[in-house]
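To start, the structure under review is shown below, and the notes come after it.
Each chain gets a letter, A, B and so on, in the order the sequences are listed, and its residues count up from 1. Being a predicted model, the structure only gives us computed values, none of them experimental.
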Number of protein chains: 2
Amino acid sequence: MLIMRSVPEDLTAPARIRDAAIALFGAQGYDGTSVRAIAAAAGVSPALVLHHFGSKEGLREACDSWIIDEVMGRKEGLTTEHDLASTMQEWLADTERFRPSLDYLARTIVDGGETGARLFAHLVDRTESMLASQTEAGIVRPSSDPRMTAAIVATHGLVPLVLERVLARSLGDTGLSSALIARMTLPTLELYTHGLYADSTVLDAATAALKGTPSEGAP
Amino acid sequence: MLIMRSVPEDLTAPARIRDAAIALFGAQGYDGTSVRAIAAAAGVSPALVLHHFGSKEGLREACDSWIIDEVMGRKEGLTTEHDLASTMQEWLADTERFRPSLDYLARTIVDGGETGARLFAHLVDRTESMLASQTEAGIVRPSSDPRMTAAIVATHGLVPLVLERVLARSLGDTGLSSALIARMTLPTLELYTHGLYADSTVLDAATAALKGTPSEGAP
DNA sequence: CGGATCACTGAACGATTGTTTAGTATGCTG
DNA sequence: CAGCATACTAAACAATCGTTCAGTGATCCG
């Protein structure tokens, strides 16, 4: 770990510590990152980290609420209203710049903890209301289970975030993930416009099968 | 960590160690699991773990190749040919039973390491050839980018695996993830049959926009 | 029977972990 | 200027980490 002071100088010490923590937690995970490594990356002593954040867990919570504020756009100019979807779109368009936040966000969501669940639930809520209004406008087809459809569409949006590494490696090692996102756009829109199947035989068969066993939710 | 010997007795010590490692690595991650915890769960001494597997990293590699064999179905009766898709379907139908393997597999894939990349690449290959034959048979619509479409469909299949926790929590805490999978089936088939959009205006707009800037791959 | 190999354990090793403590420097407030 | 809170560090703390070592039984082979 020869590289230190990887966070610029013109920030307060707590801010440098927080930025370094997000970068290292995102890159190596919480357990794989030591307080000493964070302190070195922020250019401070290990004791100062705990002086400002109480404990390593307290630092994680500070990073969580910071990333939530960053995702929801409660920073910078408070002019624009943001949410997870729009922020992710912005970040994925410049992965090199937002790499720390992207990695931290991905880990938070797949982790399934309180923060990840809150962010995902928010994304599903937004997706559901968006789909509802677009369905009313005739843009989107009605669904037999709007909540689950919203959840599915939401997860599809998270795919480039949480599966970026394996995706890139399975499509020739471009490594440039913004090009990957761009290449995903057209096939995704094709799928969302015409579906995958040429006709409705598979769906009809599944519908008939579910009609045959209607007691689905009661064990 | 009072609970130990969580792996049955009637297995060889290396097998018990490996099973305990898969369960703990899957539940808490590699860094979050100590050799001592694995040894306790397997009912052996910590030294025996390293005696059989050389190091903690060696144990991980053994778990990786074990899970690969398990996924590819190179075990039990060698009669049936399996792959990632069919194995995942079988495991997700009985999540309680296959919880350790499911969690370990999910972590391996999102980790993006060698094993995860190999498994995912295999899944994309299988999906691509399946889609190709079904396209030729008129079941599946042709795609403008078959490889990427296969990758997208593959990632959609991994969604319940890697996002199970947040998914369950955003749809009322059932916790029973097999019911979650069942509820996902119909909306997914609706999406794959009719698409999400009512008409092709969004796709047409995107296609026109990409025609306007055709120099996509050359930086 | 004798020797060797093997599975296995208890105890310890040094390194690293998160955290605490004592202390220094700085800058604000009265 | 005195007093005090704050930012910050060096050093050490106990605990845990992965790993090593010496040694014990048991099994097997000749």
Side-chain angles (χ1 to χ4, degrees), chain A residues 1-66 104 107 111 113, chain B residues 1-66 104 107 111 113:
Chain A
M1 200 66 71
L2 287 174
I3 302 174
M4 38 186 63
R5 195 67 66 100
S6 51
V7 161
E9 190 94 24
D10 58 344
L11 283 173
T12 69
R16 291 207 314 273
I17 294 170
R18 186 230 316 124
D19 287 355
I22 287 179
L24 287 174
F25 286 160
Q28 317 172 18
Y30 179 80
D31 287 324
T33 303
S34 68
V35 175
R36 284 169 174 81
I38 296 171
V44 300
S45 73
L48 190 64
V49 175
L50 307 183
H51 171 72
H52 282 299
F53 296 95
S55 66
K56 187 187 180 185
E57 184 59 33
L59 174 57
R60 193 229 292 260
E61 292 168 11
C63 291
D64 279 356
S65 54
W66 172 268
Y104 188 91
R107 278 191 198 269
D111 205 41
Chain B
M1 201 68 68
L2 287 174
I3 302 173
M4 39 187 63
R5 195 68 65 102
S6 52
V7 161
E9 190 94 23
D10 58 344
L11 283 173
T12 69
R16 292 206 314 274
I17 294 170
R18 186 230 314 124
D19 287 354
I22 287 179
L24 287 174
F25 286 160
Q28 316 172 19
Y30 179 80
D31 287 324
T33 303
S34 67
V35 174
R36 284 168 174 82
I38 296 170
V44 300
S45 72
L48 190 64
V49 174
L50 306 188
H51 170 72
H52 281 299
F53 296 95
S55 67
K56 187 186 180 186
E57 183 60 33
L59 174 57
R60 193 229 291 261
E61 292 168 11
C63 291
D64 279 357
S65 54
W66 172 267
Y104 188 90
R107 277 191 199 270
D111 205 40

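- Contact check for B/Ile22 versus B/Arg18: side-chain heavy atoms found under the 4.5 Å cut-off.
- For B/Phe25, the ring-ring contact (aromatic ring centres under 6.0 Å, His included) partners two or more places apart in sequence, or in a different chain, are B/Tyr30.
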Side-chain donor-acceptor contacts of residues 33-45 of chain B below 3.5 Å, not counting sequence neighbours, with atom names and distances?
| residue | atom | partner | partner atom | Å |
| --- | --- | --- | --- | --- |
| B/Thr33 | OG1 | B/Leu24 | O | 3.2 |
| B/Thr33 | OG1 | B/Gly29 | O | 2.7 |
| B/Ser34 | OG | B/Ala37 | N | 3.1 |
| B/Ser45 | OG | B/Leu48 | N | 3.4 |

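- Every pair passing salt bridge (Lys or Arg N to Asp or Glu O under 4.0 Å) that includes a residue from residues 51-63 of chain A is listed here, sequence neighbours excluded: A/Glu57-A/Arg60.
- To the nearest angstrom, C1' of C/dG18 lies 16 Å from CZ of A/Phe53.
- The CG-P distance, from A/Leu50 to D/dT9, rounds to 12 Å in whole Å.
- If you take CG on B/Asp64 and CG on B/Asp111, they are separated by 9.0 Å, rounding to the nearest 0.5 Å.
- The two residues A/Pro14 and A/Phe53 make their nearest non-hydrogen contact at O-CZ, 3.7 Å.
- B/Leu24 places its CG atom 12 Å from the P atom of D/dC17, with the value rounded to the nearest Å.
- B/His52 NE2 to B/Leu59 CG: the interatomic distance, rounded to the nearest 0.5 Å, is 11.5 Å.
- Summarising the geometry, the separation between CD on B/Gln28 and P on D/dC17 is reported as 11 Å, rounded to the nearest angstrom.
- For the pair B/Cys63 and B/Tyr104, the tightest heavy-atom approach, listed with the atom from each and the gap, is CB-OH, 3.2 Å.
- Here the P atom of nucleotide C/dT16 and the NZ atom of A/Lys56 are 15 Å apart, to the nearest Å.
- Residue A/Ser55 places none of its side-chain N or O atoms closer than 4.0 Å to OP1 or OP2 of C/dG18.
- Between the CD1 atom of A/Ile38 and the P atom of C/dT17 there is a distance of 11 Å, given to the nearest Å.
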Identify all pairs in which a protein N or O lies below 3.5 Å from an N or O of nucleotides 12-14 of chain D, and state each distance.
| residue | atom | partner | partner atom | Å |
| --- | --- | --- | --- | --- |
| D/dA12 | N6 | A/Arg36 | NH2 | 3.4 |

Close N or O pairs between protein and nucleotides 6-10 of chain C (under 3.5 Å):
| residue | atom | partner | partner atom | Å |
| --- | --- | --- | --- | --- |
| C/dA7 | OP2 | B/His51 | NE2 | 3.4 |
| C/dC8 | OP2 | B/His52 | NE2 | 2.9 |
| C/dT9 | OP2 | B/Ser45 | N | 2.9 |
| C/dT9 | OP2 | B/Ser45 | OG | 2.9 |

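- The separation between A/Phe25 atom CZ and C/dG18 atom C1' is 12 Å, rounded to whole Å.
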